[in-house]
Amino acid sequence: MRVLTFLHSFEPGGVERVALRLVRRWRELGTDAPLFLGRAEGALRDEFAAGLTFHVPHQPRWGTAWCETAWMIFKLPGHVRRTRPDVVFCAGSTYTVVAVALKLALGKRCPPVLAKISNDLGRSDLPRGPRAAWSAWLRLQTRFIDRWVVMEPAILPSLEKHLGDVDCVVVPDPAIDAAQLRSRGGTSFGMSGKIRYIAVGRLVPQKDHATMLRAFAAGAGQDDTLTLFGDGPLRQPLERLSITLGISNRVTFAGHVPDAAGRMLCHDVLLISSRYEGVPAMLVEALAAGLRVVSTDCGPGVRALLHGGLGTIVPAGDATLLGAALRAEPSRPFDRTAARERARGFTLEGAAEQYLAAMRGMMSREKVRKSSQVKAARFEEVTR
């Protein structure tokens, strides 16, 4: 079985990180798993590219970072025609537009597409008009995607509501490997007299770090610290906001780092202020490390992971309530063993094979469908 994964680049992102881990694991399992990249740039290259073969089309002089989606739509169909994969893996919700375009370009010659839902389908953060357009776009995708993957059973009701009766499988997000469950963090919580907060993710509007900074200014102790791992277009505005709020001496913008999960072990509480999420890899990583979590209500996947007192959840976009949750965190009971057990189901070792099983099922169904079409065509010829 040949499984083609396509990504825009090595630029940091949870979707890209998980996809690269899957490609490497599939190859270890003996699967033919080619990787197509729109361009070979990005900070994840140093972390994942060693020994990982991939194909990149010839780059124009003006670069493609500014038009990466259009570039992928333009180049991917030709690559699929030449390499003839059995399955195309769409690694996340931001890539479904490329998958739909691929189906339109290749028609019946396009292999089946397996797409992972990586963000909350409801998008309650959107105003009414854009939300209606988003809903229409989701329905359109169902005409082209052959099978969907959700990362948590709690997401299934949302899937049915927004996509209808579609072919879907549940595969836990392979955010960690088995070795990470043996590492322990957050063990000094409260002992030093300060709390070490951490946030992991791109500095983009979806993550709403401005609300996080305001909450930290209002609710954290004077000796508490906040470290943000990740980079993005909002870094400078957020740095200026930290100065305005008077917390710049306690907030560190660390930028992208190759092993954010490992650095969690030196912190106490993960902060999530996102407007919407699917099953965030950094949340699974934090639970595996034994960290406490304070999060906004950014999707059913987050609610399911933190169910049972494994974290505090407040409404998205409300800095006052998020700040109050920070003030209350030192007195909240926390079962570190239960947190690590919740993360156990999200290992790469288990999920990689589940993905392959889902793909083999797609191939079997596709063969049956094509066989039925051939038989119907022959019957029509005979009865003419």
Which heavy atom of [X] sits nearest to which heavy atom of [Y], and what is that distance?
| X | Y | result |
| --- | --- | --- |
| A351 | P174 | CB-CB, 3.6 Å |
| A49 | F10 | CB-CZ, 4.0 Å |
| A352 | L29 | CB-CD1, 4.3 Å |
| M264 | A289 | CB-CB, 4.5 Å |
| P315 | T296 | O-CG2, 4.0 Å |
| T142 | L163 | CG2-O, 3.5 Å |

Taking [X] for the side chain and [Y] for the main chain, is one N or O donor matched with an acceptor at less than 3.5 Å?
| X | Y | result |
| --- | --- | --- |
| R109 | R81 | no |
| S295 | I313 | no |
| Q206 | Y276 | yes |
| S364 | R360 | yes |
| R327 | A218 | yes |
| R21 | I176 | yes |
| S9 | E11 | yes |
| W134 | L121 | yes |
| Y95 | A115 | no |
| R131 | L126 | yes |

Residues, nucleotides or ligands: over 12 heavy atoms within 6.0 Å of E160 CD: no
F74 atom CZ, over 12 foreign heavy atoms within 6.0 Å: no
Strictly below 4.0 Å, N to O, side chains only: are [X] and [Y] in salt-bridge contact?
| X | Y | value |
| --- | --- | --- |
| R2 | D86 | no |
| E41 | R45 | no |
| R303 | D297 | yes |
| R17 | E47 | yes |
| E285 | R263 | no |

Do the non-hydrogen side-chain atoms of [X] and [Y] ever get within less than 4.5 Å of each other?
| X | Y | value |
| --- | --- | --- |
| D318 | T211 | no |
| R214 | L245 | yes |
| L326 | Y197 | yes |
| F253 | S242 | yes |

Donor-acceptor pair between E239 and S248 side chains, under 3.5 angstrom: no
Is there a path of hydrophobic side-chain contacts, each under 4.5 Å between heavy atoms of I, L, V, M, F, W or Y residues, that connects [X] with [Y]?
| X | Y | value |
| --- | --- | --- |
| L7 | V204 | no |
| M363 | L22 | yes |
| V293 | F334 | no |
| V97 | I117 | yes |
| L241 | I243 | no |

Spatial distance of atom CG (L271) from atom CG (L322) [nearest 0.5 Å]: 6.5 Å
Separation of D259 CG from Q180 CD (nearest 0.5 Å): 7.5 Å
Counterpart residues, side chain to side chain contact (heavy atoms under 4.5 Å, CB included), relative to V149 (two or more places apart): L114, K116, V169, V171, Y355
Chi angles and distances behind the ring pair (Phe, Tyr, Trp, His ring centres under 6.0 Å) call for F48, F54: CA-CA 11 Å; F48 287 100; F54 53 89; over 10 Å; no
Passing candidate, side chain to side chain contact (heavy atoms under 4.5 Å, CB included) with P300, options I155, V150, L156: I155
